[in-house]
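First comes the structure, then the notes that go with it.
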Amino acid sequence: MACVSFPYDAPVSQTLFDRASLVTPGGVNSPVRAFRAVGGTPRFMVSGTGPYLTDADGREYVDLVCSWGPMILGHSHPQVVAAVQEAVARGTSFGTPGEGEVALAEEIVARVAPVEQVRLVSSGTEATMSAIRLARGFTGRAKVVKFAGCYHGHVDALLAAAGSGLATFALPDTPGATGAQAGDTIVLPYNDLDAVRAAFAAHPGEIACVITEASPGNMGVVPPADGFNAGLKDLCRADGALYISDEVMTGFRTSKAGWYGIDGVAPDLMTFGKVMGGGFPAAAFGGRADVMAHLAPAGPVYQAGTLSGNPVATAAGSRCCGCSTTGVRRGRRGVEGDPGAGHPGARQGRRRAPHPDGRQHVLRVLHGRRGAQLRRRAQAGSFPLQRLLPLDARRRRLPAAVRLRVVVRLHRPRRAGRRAHRRRAARRRPRRSGGHGMSETTVVHLVRHGEVHNPDGVLYGRRSGYHLSDLGRQMADRVAEHLAGRDITHVVSSPLERAQETATPIAKSHGLDLATDERLIEAANVFEGKTFGVGDGALRRPGNWRHLTNPFQPSWGEPYIEQVVRMMGALNAARDAARGHEAVAVSHQLPIWIVRSFVERRRLWHDPRRRQCTLASLTTFTFQGDKIVSVGYSEPARDLVPAHLLAGAKPVKGKTKAFGA
């Protein structure tokens, strides 16, 4: 069955990718992120919660990649976040030893019996590179055996592909890695002990180590054959070589002790990464104490790193390992020792209760009803798109992209009558309440600040020191009166004084603390602090005309797309803080108008005189679950707004715009 294409647009990600491509090779900082294998625009993510990711276009996805391994607890796990915040408050890097690195090293040694000593580094590549250097220094030998299909990071000597025969000298698998660098690497077929025996027979006393993934996951999941790892250890011991088990992927994931906890074969050296960093750059290598004693400063083999044992990374890693219980690794909640077990209702009959803040483990998502839909396929080896997507996606309502309307369209010709019939049927069908917050209504009011005291008439932009005028304070009080009877549980503001002063009466009338969100700030502008207008001020100077070359981006300040990204993030954060209630977020005219235009699918470039966002106005977004279902606009202080500011605004048709299901 042919695969169905689904090239839905991602305009914000595309803009970010275009920018990245100008300053970063290929537009990404790791090749696997470039979407080359799957096509389309790489999605730029802005936030993650539990098993879900949100991209710059405001769409939500079920995360099956988990940052390529580290996020075993899901994103923004509260205990990991708390540990990181505590560590950051104490300092981010010292260049000296710290208690955090000792605690993480003790955790690793306690979990994995063959590891008697461990050295912390910053990446899996650094761990395998250092382990091989140590093996060569310990044995006094040069050659390294690896297996085709096993990946050990981008170490020059290990980026090699198998040649012909049972044991051949490898050729480098990438330009830049020379034949000399890979010349001491012997590549063998995986799960073939006879090939390993032949290699040792062909190079007696020359092989420093054999390195293998404990259970390979970079050529598909290919477990070691029964007795393979044990056979490698025996062959290495017989020849005086070291056996290195790469557990960067499997460490602390497949069991408390990684793959070693499953097969019990004790390597001489082991490498770790991913899970042990809790989402931060942290890795390690360790093993027999007599081998590790050869590392500097105790021994002659040099290895160092400025950020090795970083206090923030070790805090995250220790907490992540501590929370990675048996129940978490199996995708279960409510079992003894699980971080969620102590919460009320952790076990309800045979059903496992969700996390109290709504998070679900990634594996839990896959084990549930939605996971069954995600796993559907027509037959073994065949994964057509329409079978892989959840059922709702085939009805053009993809749960993994619920933020904005009609973000996924399957490319399949349909008759207009059939399409209209399906739309009518969907409207008659009751809305399903499954999923996080899918049935609750939340309202977020974006409020523009009141009039500012600005006798010089400058463009104040993000400058501090600009406060509300007396009239502006009246406007703020009027908005507070207008919202007094609403079910408001969260008030947040831009950090600028005029926004804070507008938000304060609202927060006070509801007995709430005022929060601050930097993302609500005014748009940046190169003309800040200058008078600005047609025929006067900054525009009279030809030197400033270069800033006016592109009205679409715009070229004189913060690009519209960047405003959309941060404002959508702030809008969603306010929604999450007031689930099932109402929130107020005080911001500024341009960011409010831009995010409204984006949601209502209007072009972002516009005539500033036609914005519908006057002083002390409310732009109201109504969410059904995570989906924006309507946008409204009101002006509670209209009678206080100077007439000349109302004259230019061109009303958008209708006070409220609703979106279809």
Side-chain angles (χ1 to χ4, degrees), residues 445-484 486 488 491-510 512-539 557-558 563 567 570 584-596 608-620 633-651:
H445 306 280
L446 285 185
V447 179
R448 184 188 173 191
H449 61 78
E451 185 189 66
V452 177
H453 179 66
N454 181 21
D456 296 328
V458 301
L459 185 68
Y460 36 76
R462 292 182 174 181
R463 293 193 161 207
S464 60
Y466 285 88
H467 300 267
L468 293 182
S469 65
D470 291 339
L471 181 60
R473 295 183 185 279
Q474 294 180 46
M475 293 178 178
D477 291 338
R478 181 70 62 82
V479 174
E481 293 172 6
H482 177 75
L483 296 173
R486 311 287 297 197
I488 293 171
V491 180
V492 63
S493 170
S494 156
L496 298 177
E497 293 97 329
R498 57 189 183 272
Q500 296 266 322
E501 292 166 2
T502 302
T504 297
I506 304 172
K508 185 177 179 180
S509 68
H510 289 85
L512 300 172
D513 293 330
L514 177 60
T516 300
D517 191 332
E518 296 281 348
R519 293 172 293 188
L520 294 169
I521 199 169
E522 175 66 285
N525 196 306
V526 297
F527 295 108
E528 285 180 11
K530 304 174 183 177
T531 57
F532 184 88
V534 178
D536 67 345
L539 291 185
E558 183 183 14
Q563 296 178 50
M567 287 297 291
V584 171
V586 180
S587 185
H588 308 268
Q589 185 189 54
L590 180 56
I592 294 174
W593 179 249
I594 288 299
V595 74
R596 176 180 174 182
R609 299 168 298 177
R610 296 293 184 262
R611 296 172 188 161
Q612 190 187 43
C613 187
T614 194
L615 293 168
S617 61
L618 275 68
T619 302
T620 301
Y633 177 77
S634 59
E635 298 173 350
R638 183 180 178 85
D639 59 309
L640 299 177
V641 178
H644 70 278
L645 295 179
L646 293 172
K650 181 179 179 181

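S509 meets the side-chain hydrogen bond (donor to acceptor under 3.5 Å, both in side chains) test with no other residue; sequence neighbours excluded. Not counting sequence neighbours, the partners of E501 by the side-chain contact (heavy atoms from CB on, under 4.5 Å) test are H467, L468, R473, E497. Applying the side-chain contact (heavy atoms from CB on, under 4.5 Å) test to T504 and every residue at least two apart in sequence or in another chain returns L514. Taking S493 as the reference, nothing meets the side-chain hydrogen bond (donor to acceptor under 3.5 Å, both in side chains) condition, with sequence neighbours excluded. D639 is linked by a side-chain hydrogen bond (donor to acceptor under 3.5 Å, both in side chains) to R478, counting only residues two or more places apart in sequence or in another chain. Residues satisfying the side-chain contact (heavy atoms from CB on, under 4.5 Å) test with Q474, not counting sequence neighbours, are L471, L640. With sequence neighbours left out, H588 forms a ring-ring contact (aromatic ring centres under 6.0 Å, His included) with H449. Listed by chain and residue number, nothing satisfies the side-chain contact (heavy atoms from CB on, under 4.5 Å) test with A484 (two or more places apart in sequence, or in another chain).
One distance of note links CD1 of I506 with CD1 of I488; it measures 7.0 Å at 0.5 Å rounding. Interatomic distance, T619 OG1 to R596 CZ, rounded to the nearest 0.5 Å: 5.5 Å. The distance from the CG atom of L618 to the CZ atom of R486 is 9.0 Å, given to the nearest 0.5 Å.
Residue pairs meeting the side-chain hydrogen bond (donor to acceptor under 3.5 Å, both in side chains) criterion with at least one member in residues 513-522, sequence neighbours excluded, are Q500-T516, D517-R519.
Remark: the backbone N or O of C613 is paired with a side-chain donor or acceptor of R448 at under 3.5 angstrom. S494 places a side-chain N or O within donor-acceptor distance of the main-chain N or O of L496, the cut-off being under 3.5 Å.
Heavy-atom minimum distance, A637 versus A616: CB-CB, 4.0 Å. Residue S587 comes nearest to P591 through the heavy atom pair OG-CB, 4.0 Å, listed as atom of the first residue, atom of the second, then distance. Shortest non-hydrogen contact noted between R462 and A523 is NE-C, 3.8 Å. Taking both residues in full, the closest heavy atoms of W593 and R611 are given as CD1-CG, 3.7 Å, listed atom of the first, atom of the second, then distance.
For the pair M567/L520, a side-chain contact is recorded, criterion being any heavy-atom separation below 4.5 Å from C-beta on. Proximity of H445 to V479: side-chain heavy atoms (C-beta onward) are nowhere separated by under 4.5 Å. Looking only at side-chain heavy atoms (C-beta outward), E635 and V641 stay at 4.5 Å or farther from each other. Taking 4.5 Å as the limit, some side-chain heavy atom of P642 sits within range of a side-chain heavy atom of E451.
Exactly one of V584, V586, V595 qualifies for a side chain to side chain contact (heavy atoms under 4.5 Å, CB included) with L446. That residue is V595.
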* Going through the distances and angles, do Y633 and T614 end up as a side chain to side chain contact (heavy atoms under 4.5 Å, CB included)? -> CA-CA 10 Å; Y633 177 77; T614 194; 3.5 Å; yes
